[in-house]
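Index from 1, following the sequence.
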Amino acid sequence: EIGILAKSYIDQGQLIPDDIMTRLVLNELKSLDRYNWLLDGFPRTVAQADALDKECQIDTVIDLDVPFETIKCRLTARWIHPASGRVYNLEFNPPKVQGIDDITGEPLVQRDDDKPETVTKRLQAYDTQTKPVLEYYRKKGLLKSFSGTETNKIWPHIYAFLQTKLPDVSQKDAATPR
């Protein structure tokens with residue numbers, strides 16, 4: 001039920017309200033107290049960061065500093081096959097026939113939150129609401145930023161940094177409870 005409510009905000013190009021998002025994430029984190037974990041896309045506001053800090057000790061915050069135009073191009077080029085969840089990207093993983101799933105031959109669709117006007121709204125909301133979170137964690141000395149436009153160029157730096165935070169964790173045993 002709460003997921004449907006969250007989707008209605010996303011489809012309109014809005015960020016999910018703090019109270020809904022915080023409730024979803026913190027509830028999930030309670031079951032992960034024996035694990036190391038990494039959050040992607042949360043917290044997005046200072047209110048969410050405050051709520052998270054009250055419940056959990058945060059060791060590190062990673063900022064992927066990617067130009068909005070790069071993000072917009074990637075998201076608006078994304079198309080999916082709804083029945084299977086297969087994802088195509090017109091720039092780097094296009095279907096063999098434009099607009100058609102490679103396996104079933106069924107039409108691909110663009111999610112509402114990947115349409116250009118929605119992506120632009122989401123990026124503007126991000127700029128307004130999320131940038132203060134970076135400053136919040138920068139002041140706490142927890143922020144590490146990585147800049148770039150290509151995953152294969154940014155990831156090795158992120159991985160090396162994470163190894164300094166969790167030197168005893170390999171990819172094989174990363175899901176093992178501690």
Checklist entry - Does the side chain to side chain contact (heavy atoms under 4.5 Å, CB included) test come out yes or no for Y136 and L143, once each step is laid out? => result CA-CA 9 Å; Y136 174 90; L143 185 69; over 6 Å; no
Which pair of heavy atoms, one from [X] and one from [Y], lies closest together, and at what distance?
X    : Y    : result
K153 : H157 : O-CD2, 3.1 Å
Y88  : D101 : OH-OD1, 2.7 Å
P67  : T149 : CD-CG2, 3.7 Å
P107 : P82  : O-CD, 4.2 Å
P43  : A49  : CB-N, 3.5 Å
V109 : W79  : C-CE3, 3.2 Å

For [Y], is there any backbone N or O sitting under 3.5 Å from a side-chain donor or acceptor partner on [X]?
X    : Y    : result
R111 : I80  : no
E91  : R74  : no
T120 : P116 : yes

Does any part of the side chain of [Y], heavy atoms only, come nearer than 4.5 Å to the side chain of [X], both counted from C-beta?
X    : Y    : result
K140 : D53  : yes
F42  : L24  : no
L5   : S8   : yes
Q124 : F68  : no
L108 : P95  : yes
M21  : R44  : no
V87  : R78  : yes
T60  : Y137 : no

Next on the checklist: Between F161 and I62, is the side chain to side chain contact (heavy atoms under 4.5 Å, CB included) condition met? List the steps.
Outcome noted: CA-CA 10 Å; F161 173 73; I62 296 173; 4.3 Å; yes
Item to check | Partners meeting side-chain contact (heavy atoms from CB on, under 4.5 Å) with C56 (sequence neighbours left out) | outcome: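 So C56 forms a side-chain contact (heavy atoms from CB on, under 4.5 Å) with L29, W37, L52, I58.
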Rounded to the nearest 0.5 Å, what separates atom [atom1] in [X] from atom [atom2] in [Y]?
X   : Y   : atom1 : atom2 : result
N89 : C73 : CG    : SG    : 10.0 Å
I16 : R23 : CD1   : CZ    : 11.5 Å
D19 : Q48 : CG    : CD    : 9.5 Å
K7  : I4  : NZ    : CD1   : 9.5 Å

Item to check | Side-chain ion pair, D63 and R138, N-O less than 4.0 Å | outcome: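 Between R138 and D63 there is no salt bridge, as every charged N stays at least 4.0 Å from the carboxylate O atoms.
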Checklist entry - Below 4.0 angstrom, N of the basic side chain to O of the carboxylate: do E69 and K72 qualify? => result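 Looking at K72 together with E69, the answer is no, because their closest N to O distance does not fall below 4.0 Å.
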Next on the checklist: Surrounding CD of E28 (heavy atoms of other residues, nucleotides or ligands, distance under 6.0 Å), is the total greater than 12?
Outcome noted: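 Atom CD in E28 is not crowded, with 12 or fewer foreign heavy atoms closer than 6.0 Å.
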Next on the checklist: Around atom CD of Q98, are there more than 12 heavy atoms from other residues, nucleotides or ligands closer than 6.0 Å?
Outcome noted: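 Open.
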Checklist entry - Passes salt bridge (Lys or Arg N to Asp or Glu O under 4.0 Å), R86 versus D102? Steps please. => result CA-CA 9 Å; R86 272 186 293 283; D102 289 349; over 6 Å; no
Checklist entry - Knowing that exactly one of N152, T151, I158 qualifies, which makes a side-chain contact (heavy atoms from CB on, under 4.5 Å) with I154? => result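 When side-chain contact (heavy atoms from CB on, under 4.5 Å) is applied between I154 and each of N152, T151, I158, only I158 qualifies.
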Item to check | Positive for side-chain contact (heavy atoms from CB on, under 4.5 Å) with D113, one of I10, V119, L75 | outcome: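 By the side-chain contact (heavy atoms from CB on, under 4.5 Å) criterion, D113 pairs with just one of I10, V119, L75: I10.
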Next on the checklist: Applying a strict under-4.5 Å side-chain criterion to I, L, V, M, F, W and Y, I'd like to know whether L64 and Y159 cluster together.
Outcome noted: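 As far as the 4.5 Å side-chain criterion goes, Y159 and L64 are connected within one cluster.
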Checklist entry - What do the steps show when you test N36 against K165 for side chain to side chain contact (heavy atoms under 4.5 Å, CB included), and what is the final call? => result CA-CA 11 Å; N36 293 308; K165 295 292 182 178; over 6 Å; no
